Each structure stands twice: as structure tokens, then as C-alpha cells.
**Q** 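Mind looking over this structure? Questions follow.
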Amino acid sequence: MSNRIFSEEEVQKLIKRAAELEAERSVSERDSSENGLTINELKHVASEAGLDPELIERAASEMGKTLPDVKEKVRVNRKEIATEIWLDHQPDRETMDVLVTELNHIYGTTDELNWWDNLWGTHEGKAKVTRSSSTTEWNYKTEGGVYSTRVLMQQRGERFRIRVSKRQIFGLEWDNTVSQFYMVLPIAVTLGVIGGALSNSILGTGWPGITAGIVLAICSYPIMRYFVKRSVEKNKAEVANTVRQLSNLVLQSSNKKKSKSNASTTTRSASEIEIPDEPNSAEDPPGSLRNNLRE
């Protein structure tokens, strides 16, 4: 075994397995009430496994920039479809204005309310924006107020919260089987009356028509359930898409600021180096070079 030569693929597998074993040993040696490892402990594990600790920090940074599957986190809570995400970023006022503009673009609306909207306190077809030192709330109602979408963007310490929720008019529940079944009753009555009238005029008795109307109403229930579920999934996708787009904007803004900061630091460091233009002294031999580089 000591003289065996491992291929590149085998080396990768060995290092990966060694890191896994070292991580398992480090976790098992910790207090049973604690799960996982800190970044410093992970770097130590990497060092013990023969890996560059700086690569662990780089991998953790890239992992932090990766968004989770937002669609799977969307929940239907009776009257509300909602989801939220937490980011380790601190957007400034300029970024918050960009987020509001993006929301207006997504929903095809504006947050510029006129005197009539402010007088009656309504904003159907428009968005109402409320700002504080750490929170920006964007509240949008569709024409007729059938749907309302609320987006809460909140800074808590070093973390940034984005919560999106959507409701229906009159606080109706999104997927209530009982209420949908009750909706069949007026359909059954209507179809029964129409069927009974037609049957009575043709057959001389209304019972066949009434029975046919009730059967048709009962058969409409699965169709109704299908369209309700389809509507719920569509609105869930809209909520997830809103959170995803806002999160991407926050991450992009953070990356741009970081790049500008690094570029500024590099420029400042370069400007601190002076290369004076001094003639060679008479004591220097011809063709010699003199190092005039100083900080």
C-alpha cells in the first residue's frame, strides 16, 4: 500500500473521505447539545485533512450567495399565501429604492398615489409604500381589490428579511374544501330549477330534469377543485418569483459594492507608490540602474 500510486480521481476521493472522517470525529468530540461546526473549526478540519483552509472559507462564502429553493418554502395558511427569506446583507437606501421600483415593474403598477387615493385611503390598482428607518413595506391591491400583495423588507441586525404574502378579497380562504362544497348548492338549485322547467315542458313532469340538474352540479365539484388548485399553484409561483427576484437584486447590489470597494482599495494602494524622476548622480557609473522606488 505504501508504494501504490493513486490516480487523480482516487486522490480526490481519498481527500474527500479524509475530510468527512475528520469532520465526523470533530463533531463527536463536541458537546452533544451542539450540532455542526463553526467556520474556524471547519478550517481546522481541512488543515488536518491536508486541504487549504482558505478554500473552506471561499466555499462557505459561495454557499452563502446561493439562494435556497424559494418555491418549496411557500406556504398556504388558510387566508394567506406567504413565504420569506433571510439574507446576510445590509442594503442601503439606494438598494431599497431599487427593490420598490422592481416590485412596481413586476406587478405593472406605480406607488405614486394621487389626492383621491390619499383622501379615501384606498389604492386599488396601485401600490402604497410605507418606510421607516429599518423597514420598507410595499402593499399592492389589484383593480377591484380581488387580490392584495404585501411585501415586507426589514433589516434586523446584520440580516435582511424579505417576506411576501398574498390574500383574496373579503379574506376568503385559498383552499377550503368545505366552503367549495357549499358553492355547489346554489349551482345545484339553479340547474335543478332549469332542468325541472325543461323536463316539465317536454315530458310533463319535472323530476327527471331536477335529478339531472343535481347530478350535473355534483359532477362540477371536481372541476371546481381543479381550477381552485390551479389558481393556488399559480399564486404560489408568483409569490416565490417575487422573493427570488428581490433576493437576486440584493445579492447583485452587494457584489457590485464589494467589487467597487476592492477596486478603490487597489487604486489607493497603487497611488501610494511614488516613482520620482531623479537624474543619475555623477558618482553612478554609466549604464548603471538606480532604484528610486519608495513608498
Side-chain angles (χ1 to χ4, degrees), residues 30-31 33-43 56-107 109-111 113 121 123 126-141 147-167 171 174 235-262 264-265:
R30 290 165 59 98
D31 186 358
S33 62
E34 300 178 6
N35 295 320
L37 298 172
T38 64
I39 186 64
N40 290 330
E41 291 169 334
L42 284 171
K43 291 170 71 173
I56 294 294
E57 191 167 354
R58 179 179 173 184
S61 177
E62 292 177 354
M63 183 180 297
K65 297 177 183 178
T66 303
L67 292 176
D69 190 350
V70 182
K71 191 173 182 179
E72 292 185 356
K73 299 180 67 176
V74 179
R75 297 289 180 266
V76 181
N77 303 319
R78 294 183 60 190
K79 300 179 181 180
E80 181 184 57
I81 295 178
T83 187
E84 68 177 42
I85 191 171
W86 291 80
L87 303 173
D88 295 324
H89 296 276
Q90 298 180 0
D92 56 13
R93 181 60 181 268
E94 181 182 355
T95 303
M96 298 300 295
D97 291 339
V98 171
L99 295 179
V100 171
T101 302
E102 181 68 14
L103 283 168
N104 292 335
H105 175 72
I106 293 173
Y107 289 86
T109 185
T110 178
D111 58 5
L113 304 181
H123 52 94
K126 296 182 180 179
K128 182 178 180 181
V129 180
T130 306
R131 289 185 172 93
S132 67
S133 58
S134 60
T135 302
T136 297
E137 183 176 336
W138 184 90
N139 198 333
Y140 166 67
K141 288 184 179 180
Y147 297 108
S148 63
T149 303
R150 178 178 176 231
V151 180
L152 179 65
M153 297 170 285
Q154 188 177 44
Q155 189 70 49
R156 288 191 178 181
E158 297 183 354
R159 305 198 72 193
F160 185 66
R161 177 194 185 195
I162 302 176
R163 187 181 191 276
V164 180
S165 62
K166 191 167 186 178
R167 291 175 176 265
W174 283 100
N235 285 283
K236 285 175 63 178
E238 182 181 89
V239 169
N241 180 64
T242 301
V243 172
R244 187 182 300 108
Q245 292 192 51
L246 296 180
S247 302
N248 286 331
L249 280 177
V250 173
L251 297 179
Q252 291 172 10
S253 175
S254 177
N255 292 335
K256 286 181 180 179
K257 290 178 183 178
K258 188 179 295 184
S259 299
K260 289 181 179 179
S261 177
N262 293 337
S264 176
T265 303

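In this text, all values refer to a predicted model and were calculated from it rather than measured experimentally.
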**Q** What residues, two or more places apart in sequence or in another chain, satisfy side-chain contact (heavy atoms from CB on, under 4.5 Å) together with Arg78?
**A** Glu173
**Q** So Thr242 and Tyr107, do their side chains get closer than 4.5 Å, heavy atoms only?
**A** yes
**Q** Any heavy-atom pair between the side chains of Arg131 and Val100 that's under 4.5 Å?
**A** yes
**Q** Decide yes or no for Val129 and Thr136: does some side-chain heavy atom of the first lie under 4.5 Å from some side-chain heavy atom of the second?
**A** yes
**Q** Do you know which two heavy atoms are closest between Ala82 and Arg163, and how far apart they sit?
**A** CB-NH2, 3.6 Å
**Q** What is the minimum heavy-atom distance between Thr83 and Val239, and which atoms define it?
**A** CG2-CG1, 3.5 Å
**Q** Which pair of heavy atoms, one from Ala127 and one from Thr109, lies closest together, and at what distance?
**A** N-OG1, 3.7 Å
**Q** For Tyr147, is the NZ or CZ atom of Lys166 found under 6.0 angstrom from the centre of its six-membered ring and inside 45 degrees of the ring axis?
**A** yes
**Q** Any salt bridge between Arg150 and Glu137, counting N to O under 4.0 Å?
**A** yes
**Q** Just to verify, what does Asn77 make a side chain to side chain donor-acceptor pair (under 3.5 Å) with, not counting sequence neighbours?
**A** none
**Q** With sequence neighbours left out, write down each residue that passes side-chain contact (heavy atoms from CB on, under 4.5 Å) with Val76, or none if nothing qualifies.
**A** Ile81, Trp174, Val232, Lys236
**Q** Any side-chain heavy-atom pair from Ser253 and Val98 closer than 4.5 angstrom?
**A** no
**Q** Hey, is the main chain of Asp97 close enough, under 3.5 Å, to the side chain of Thr101 for a donor-acceptor pair?
**A** yes
**Q** Kindly say whether Gly157 contributes a backbone atom to a donor-acceptor pair with the side chain of Gln155 at under 3.5 angstrom?
**A** yes
**Q** If you look at every heavy atom in Trp86 and Arg159, which pair is closest and at what distance?
**A** CB-NH2, 3.2 Å
**Q** If you take all heavy atoms of Glu84 and Lys73, which pair is closest and at what distance?
**A** O-NZ, 3.7 Å
**Q** With side chains defined as the heavy atoms from C-beta onward, is the minimum distance between Trp138 and Leu152 less than 4.5 Å?
**A** no
**Q** Do side-chain atoms of Asn248 reach the backbone of Arg244 as a donor and acceptor pair under 3.5 angstrom?
**A** yes
